[in-house]
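Data block below; observations after.
Treat the numbers as computed from the prediction; the structure is a model and nothing was measured. Just so it is clear: chains get the letters A, B, ... in the order the sequence lines come, proteins before strands, and each one is counted from 1.
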There are 2 protein chains.
Amino acid sequence: MQTIEQLLESKDIRVTAMRLLIYKFLAEKEVAVTLSDIEDAFEKSDRTTLYRTIKTFEEKDIVHQIDDGTGITKYALCEKGCNCEIETDLHLHFHCNNCNETICLTDHKIPQIKVPDGFVSENVNLVVKGICDKCSGQ
Amino acid sequence: MQTIEQLLESKDIRVTAMRLLIYKFLAEKEVAVTLSDIEDAFEKSDRTTLYRTIKTFEEKDIVHQIDDGTGITKYALCEKGCNCEIETDLHLHFHCNNCNETICLTDHKIPQIKVPDGFVSENVNLVVKGICDKCSGQ
DNA sequence: AAACAGATGCAATGGAAGTGCATTATTGGC
DNA sequence: GCCAATAATGCACTTCCATTGCATCTGTTT
Ligand SMILES: [Mn+2]
Ligand SMILES: [Mn+2]
Ligand SMILES: [Zn+2]
Ligand SMILES: [Zn+2]
């Protein structure tokens with residue numbers, strides 16, 4: 001089991017206090033977060049720093065971006081061995097219309113989608129909306 | 001076969017020159033369009049009018065909105081008998097990474113998506129990205 | 001210590017969606 | 001046809017989020 005420091009170093013990311021804190025924040029959250037969520041959690045630091053940190057994480061495949069249709073970009077830590085860029089690895093995302101939270105359903109992979117002749121599928125984005133387990137009351 | 005005028009009237013939308021023009025513009029396009037696309041086509045009219053026209057069409061189920069992940073909302077005419085609000089009717093959308101256009105694959109319905117116990121699926125958005133038939137060179 | 005690279009902070013920008021209100025056009029009753 | 005009501009249009013402004021330029025700070029290397 002590697003430490004967060006080791007993970008960052010292995011991805012050629014310099015270890016800073018801020019980066020460790022943001023990583024831990026993401027790791028504790030079980031849902032995808034917006035930049036605003038991170039801002040609220042770290043009011044002392046500047047928005048830009050948080051933004052660039054999350055972008056750095058994204059470039060290095062530590063987090064992946066989620067477009068859940070709310071118009072606000074969300075982010076979540078990648079699972080170990082998650083190859084976000086490979087189509088076959090893509091899991092689906094669930095957005096709760098009640099609590100407004102979005103979560104990764106990491107072990108629900110997107111099924112193979114047929115496209116018409118002449119079309120080449122490279123990537124699929126699938127967001128299911130509805131009521132999450134917490135809100136459905138069971 | 002009903003005229004555009006008859007269609008609009010049947011949906012309780014007043015027939016105006018602008019609305020007819022925008023409807024025809026959408027009908028001629030085989031791809032989903034952004035508000036900017038409409039703006040470019042009708043430089044004489046104000047953006048707000050175009051915006052509200054498309055919103056009116058959307059409310060009355062004449063067009064449906066498409067979130068293809070580019071961050072810019074796109075719109076396309078509904079097919080005859082397209083019930084956009086019914087989950088089972090939803091077709092999938094294809095976004096070309098080359099020409100950057102998005103099209104409705106109206107006869108490719110979204111497959112049933114399994115969600116974990118406790119989750120209730122109400123709606124699904126599925127966008128396939130890749131290379132379209134025109135760009136794939138066949 | 002000096003030099004350098006990268007991280008952080010502040011300010012500003014840009015794009016797109018949305019709204020308030022005045023003006024103009026259309027409709028329906030008379 | 002005329003008038004009042006109602007809806008459509010145009011203009012200005014706002015809000016929200018994403019993104020960037022540049023100055024400053026911090027940590028590392030020689
Ligand atoms: Mn995810
Ligand atoms: Mn469509
Ligand atoms: Zn919920
Ligand atoms: Zn194409």
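Between the P atom of C:dA17 and the CG atom of B:D37 lies a distance of 11 Å, rounded to the nearest Å. Note: CD (B:E43) to P (D:dG10) measures 14 Å, nearest angstrom. Rounded to an integer number of Å, the gap from B:D40 CG to C:dA16 P is 11 Å. Put simply, CD1 on B:I54 is 16 Å from C1' on D:dT9, counting in whole angstrom units. Atom CZ of B:F42 is separated from atom P of D:dG10 by 12 Å (rounded to the nearest Å). Atom CD of B:E9 is separated from atom C1' of C:dT27 by 13 Å (rounded to the nearest Å). Across the protein-nucleic acid pair, A:D12 atom CG and C:dA5 atom P stand 17 Å apart, rounded to whole Å. Following rounding to the nearest Å, A:K44 (NZ) and C:dA7 (C1') show an atom-to-atom distance of 19 Å.
In this structure, the side chains of A:C132 and A:E101 stay at 4.5 Å or more apart for every pair of heavy atoms.
Judged by distance alone, the side chain of B:T102 and the main-chain N or O of B:H95 form no donor-acceptor pair under 3.5 Å. The closest donor-acceptor contact from the side chain of A:K129 to the backbone of A:D68 lies under 3.5 Å. A:T53 places a side-chain N or O within donor-acceptor distance of the main-chain N or O of A:T49, the cut-off being under 3.5 Å. In terms of modelled atom types and a separation under 3.5 Å, the side chain of B:K134 and the main chain of B:I131 share no donor-acceptor contact.
Taking NE2 of A:H93 as the reference point, atom CG of B:N125 lies at 13.0 Å (rounded to 0.5 Å). Within the model, atoms SG of B:C104 and CD1 of B:I66 stand 4.0 Å from one another, a figure rounded to the nearest 0.5 Å. Summarising the geometry, atom NE2 belonging to B:H91 is positioned 8.0 Å from atom CG belonging to B:L105; distances are rounded to the nearest 0.5 Å.
Regarding contacts with the backbone of C:dG9, a side-chain N or O of A:T49 is found under 4.0 angstrom from either OP1 or OP2. For B:T16 and D:dA7, the shortest distance from a side-chain N or O to OP1 or OP2 is not below 4.0 Å.
By the ring-ring contact (aromatic ring centres under 6.0 Å, His included) test, B:F25 is found to be paired with B:F42, residues two or more places apart in sequence or in another chain being considered.
Contacts of residues 17-34 of chain A with DNA chain C (heavy atom under 4.0 Å): A:M18, A:R19.
Rounded to 10 degrees, the angle between the two end axes of the helix from C:dA1-D:dT30 to C:dC30-D:dG1 is 10°, with five pairs used at each end.
For residues 31-57 of chain A, the pairs satisfying salt bridge (Lys or Arg N to Asp or Glu O under 4.0 Å) are A:E39-A:R47, A:K55-A:E58, with sequence neighbours left out.
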Side chains of residues 6-20 of chain A: which donor-acceptor pairs under 3.5 Å do they make with residues two or more places apart or in other chains?
from	atom 1	to	atom 2	distance (Å)
A:Q6	OE1	A:T3	N	2.9
A:S10	OG	A:L7	O	2.6
A:K11	NZ	A:K60	O	3.3
A:T16	OG1	A:R19	N	3.2
A:R19	NH1	A:R14	O	3.0

With B for base contact, S for sugar-phosphate-only contact and - for none (protein heavy atoms under 4.0 Å), nucleotides 14-30 of chain D reads ---SBSBBB--------
